[in-house]
Novice: 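Encoded as structure tokens, here's the structure I'll be asking about.
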Amino acid sequence: MTKLNDILSPFTAWKHVVREPVTIKDPLNREAADRYRGFHKNEISECIGCGTCESICQNAAIDLVPVEGVDTKDGDSGLRPRVDYGRCCWCGLCVDVCTTNSLSLSNEYTWVDEDPDNFRFVPGAENKSWDSREKGYKKPGNGYELYNPKREAMEELEPEKRDQSFIEIVQGYSKEQAEKEADRCVECGICVATCPAHMGIPEYIKAIRNDDLNEGLRILYDTNPLPEICGRICTHKCETVCSVGHHGDPLSIRWLKRYIADQNPAEEYKKILNTENIQPSGKKVAIIGSGPSGLSAAHYLALMGYQCTIYEKLPAAGGMMRFGIPEYRLPYEQLDKDINYILSLGVEIKYNVTIGKDITLEELHNQYDAVFSGTGLHMGRSTRVPGTDHPKVYQAVDLLRDIVLGKEIPLEENIVVIGGGNVAMDITRSLARLQKQKYGKVGVLATSLESEDIMPADREEVVEAREENAVIDPGWGPVEIETEGDKVKGLHVVKCLSVFDENRRFAPKFDEEQKKFFPADMVVESIGQGMDLSYLPEAFKEQLDMDQRGRILVNDDFQTSAGWLFAGGDIIQGPDVIHGIANGHKAAMGIDKYLSEK
């Protein structure tokens, strides 16, 4: 039934007939509102080419392209966004998701040009009249983010609960915590290029979000056969370039890797990774050393069907991962979980075998089709200041190894450690625990040439050492270890003003007038590590191509000039677990290439 109001309503519009019309005389030159969404701007120097703007654009209006003068480097893809205004709808999502806040929209809305191709341009790289305008649309403040800028906290043992034992400090993520942290990932992939192993980081984080940890494990093992280990002690260079870290906390990539490995039971690995039926190739490879590079090479060679035998000088596998890293950072059971899986692929380890003594390199060459050497850096370096030849002056690597072997180590009430790297922090914190157990108090001090802002140790190591009552006093250069008969009295130091020259070469400068004396009954040196290549016969060593520092030169396949001998790990690239894993993998591919061509 029709109501009277329904009939009369249309006639109400007639009231506008007598009103004065509003006319905009020059609509194309009228300034838009302050936050109008107009044409794009980009601070090219702040942009890192992460591609989040490209990914979020539903109209495919943004492509990342190379730009002249912008180079690829760690944390920067070298690409910049190009906008196609034939597709753009000015929604502003590209600005909202920008991790560096470099992208914005001006409030300019007019652009007249006869060439349609000009409406595809790279903001910031091509000058436009609106570049200097302050008005327009920027990412709103007040905590407006499409992802959480704060990382999910990792539970750790409190200092007073950890300083008397070697129980693992970091507790690991729960399912809820891991999924929350994984939700922060914008899947830009900037981290992948920086990772020495080029792991599929966004893919395995996505697997956590999808609660598919089997898939996550498969992605880890594509490029890294030591996920339990790397999930705890990796130097996590990937996190230093994480795009969400530009305006928030970087993603906890290392802990998410650990979460995947922790949640998958060891007995299911072969089924999950589809490695139950490997076809043998009939060829054999010898591997010297069971550190990260040797284990990595053995893993990938085993998958290709090679029979691998690892020769290990010590009574257990792991190299410096086991004998140089304290158990509170890397529990032996997690180390063994990774190693035992590799052994399950048919890899054999012969322990307590010293190459050059129990078996020669030439014998390995004759018995195997190829040889890989990854013997690591097991020798300490000395400052060589007066007093270092005293029997109560020790090397950190020797003490750390003896602790793992269960040997009783020398332990005084007052100890000075010389060094500012992670190994120095490892021995400082280990000695602090042992002092607490024996004396009920901590009396260890660590000093280094480097000031605290440039100490090579991870920041968390320094913070946690202090929490455990060790003293860290950096920025001093050792002059002399004072001794008296069979006793050490302490360490004399002078202020270090700088460590490197303008070309980043090691050239420390000191202020001799600023002096200190650190009393001590025992001194431990931890200023670096050296390699032991004594297993290479001198005549053979002379035939190898080596650099001026005595390192073996290898090609892109980690093949030496000897052809049948490959090398990798710390003796090639320095002390870093993830680099060792990466070049062990590359060496395995190189060995396969070499043997396939024979």
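Everything quoted here is computed from the prediction, not taken from an experiment.
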Novice: Given the side-chain rings of Tyr269 and Tyr221, with only the six-membered ring counted for Trp, is the space between their centroids under 6.0 Å?
Specialist: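 Yes, ring centres under 6.0 Å apart.
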Novice: Determine whether the side chains of Thr275 and Tyr341 contain a donor N or O and an acceptor N or O closer than 3.5 Å.
Specialist: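 Yes - a donor-acceptor pair under 3.5 Å links their side chains.
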Novice: How about Thr447 and Leu445: do any of their side-chain heavy atoms sit closer than 4.5 Å?
Specialist: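 A side-chain contact under 4.5 Å exists here.
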Novice: Considering non-hydrogen atoms only, spot the tightest contact between Ala302 and Leu345 and give its length.
Specialist: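 The pair with the smallest heavy-atom distance is CB-CB, 4.0 Å.
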Novice: Charged N to carboxylate O below 4.0 Å: is that the case for Glu168 and Arg162?
Specialist: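 Salt bridge: no.
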Novice: Go through the steps for Leu335 and Met321 under the test side-chain contact (heavy atoms from CB on, under 4.5 Å), then give the verdict.
Specialist: CA-CA 8 Å; Leu335 178 69; Met321 296 184 298; 4.1 Å; yes
Novice: Please determine whether side-chain contact (heavy atoms from CB on, under 4.5 Å) holds for the pair Cys188 and Thr99, giving the CA-CA distance in whole Å, both sets of side-chain angles, and the decisive distance to 0.1 Å.
Specialist: CA-CA 10 Å; Cys188 66; Thr99 56; over 6 Å; no
Novice: First locate atom OG of Ser373, then atom CD1 of Ile355, and finally report the distance between them rounded to the nearest 0.5 Å.
Specialist: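 It comes to 8.5 Å.
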Novice: So, Arg254 and Glu460, do they make that salt bridge, N to O below 4.0 Å?
Specialist: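 Salt bridge: yes.
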Novice: Can you name the closest pair of heavy atoms from Gly419 and Ser448 and give their distance?
Specialist: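 So the two residues come closest at C-CB, 3.7 Å.
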Novice: Which heavy atom of Val493 sits nearest a heavy atom of Pro478, and at what distance?
Specialist: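 Closest approach of Val493 to Pro478, heavy atoms only: CG1-CA, 3.9 Å.
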Novice: Would you call Asp473 and Lys516 a salt bridge, taking side-chain N to carboxylate O under 4.0 Å as the test?
Specialist: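 Salt bridge present between Asp473 and Lys516.
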Novice: Do Glu152 and Glu176 have side chains that get closer than 4.5 Å, going by heavy atoms?
Specialist: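 No, side chains not in contact.
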Novice: Salt-bridge test for Glu203 and Lys206: reply yes if a basic N is under 4.0 Å from a carboxylate O, no otherwise.
Specialist: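 No, Glu203 and Lys206 are not salt-bridged.
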Novice: Using a 4.5 Å cut-off on heavy atoms from C-beta on, say whether the side chain of Ser252 contacts that of Met154.
Specialist: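 A side-chain contact is absent here, since even the closest heavy-atom pair is not under 4.5 Å.
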Novice: So, His378 and Gln529: side-chain donor and acceptor under 3.5 Å apart, yes or no?
Specialist: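 Absent: no donor and acceptor within the cut-off.
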Novice: I need the minimum non-hydrogen distance between Phe566 and Ala587, along with the two atoms involved.
Specialist: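 Reported closest heavy-atom pair: CD2-O, 4.3 Å.
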Novice: Between Glu413 and Lys441, is there a salt bridge with N-O shorter than 4.0 Å?
Specialist: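 Between Glu413 and Lys441 there is a salt bridge, with a charged N closer than 4.0 Å to a carboxylate O.
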Novice: Does a side-chain N-to-carboxylate-O contact under 4.0 Å join Lys271 and Glu276?
Specialist: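 Looking at Glu276 together with Lys271, the answer is no, because their closest N to O distance does not fall below 4.0 Å.
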Novice: Under a 4.0 Å N-O cut-off, is there an ion pair linking Glu228 with Lys337?
Specialist: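 Salt bridge present between Glu228 and Lys337.
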Novice: Would you check if Glu450 and Cys496 make a side-chain contact, meaning some heavy-atom pair closer than 4.5 Å?
Specialist: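 They are not in contact (no side-chain heavy atoms under 4.5 Å apart), so the answer is no.
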Novice: When you check the gap from the basic side-chain N to the acidic O, do Asp521 and Lys489 get nearer than 4.0 Å?
Specialist: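 A salt bridge is absent here (no side-chain N lies under 4.0 Å from a carboxylate O).
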Novice: Under 3.5 Å, is there a donor-acceptor pair between the Tyr535 and Thr375 side chains?
Specialist: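 Judged by distance alone, the side chains do pair up.
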Novice: Salt bridge or not between Asp183 and Lys180? Use side-chain N to carboxylate O under 4.0 Å.
Specialist: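 The answer is no: the pair does not qualify as a salt bridge.
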Novice: So, Arg322 and Asp336, do they make that salt bridge, N to O below 4.0 Å?
Specialist: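 Salt bridge between Arg322 and Asp336, a charged N being under 4.0 Å from a carboxylate O: yes.
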Novice: Would you please say whether a donor-acceptor pair under 3.5 Å links the side chains of Glu46 and Asn101?
Specialist: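 There is no such pair (donor and acceptor under 3.5 Å, judged by atom type) between the side chains of Glu46 and Asn101.
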Novice: Looking only at non-hydrogen atoms, find the nearest pair between Cys98 and Thr52 and report the distance.
Specialist: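 Smallest interatomic distance, heavy atoms only, reads CA-OG1, 4.2 Å.
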Novice: Using every non-hydrogen atom in the two residues, find where Ile310 and Gly294 come nearest and quote the distance to one decimal.
Specialist: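 It is CD1-O, 4.4 Å.
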Novice: Under 6.0 Å from the ring centre and within 45 degrees of the ring axis: does the NZ or CZ of Arg505 meet both conditions for the six-membered ring of Phe500?
Specialist: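 Cation-pi check for Arg505 and Phe500: fails.
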Novice: Does either side chain, that of Glu525 or that of Thr383, offer a donor lying less than 3.5 Å from an acceptor on the other one?
Specialist: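 On atom types as modelled, these side chains qualify, holding a pair under 3.5 Å.
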Novice: Heavy atoms, side chains only, cut-off 4.5 Å: are Val577 and Ile233 in contact?
Specialist: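 A side-chain contact exists here, since the closest heavy-atom pair is under 4.5 Å.
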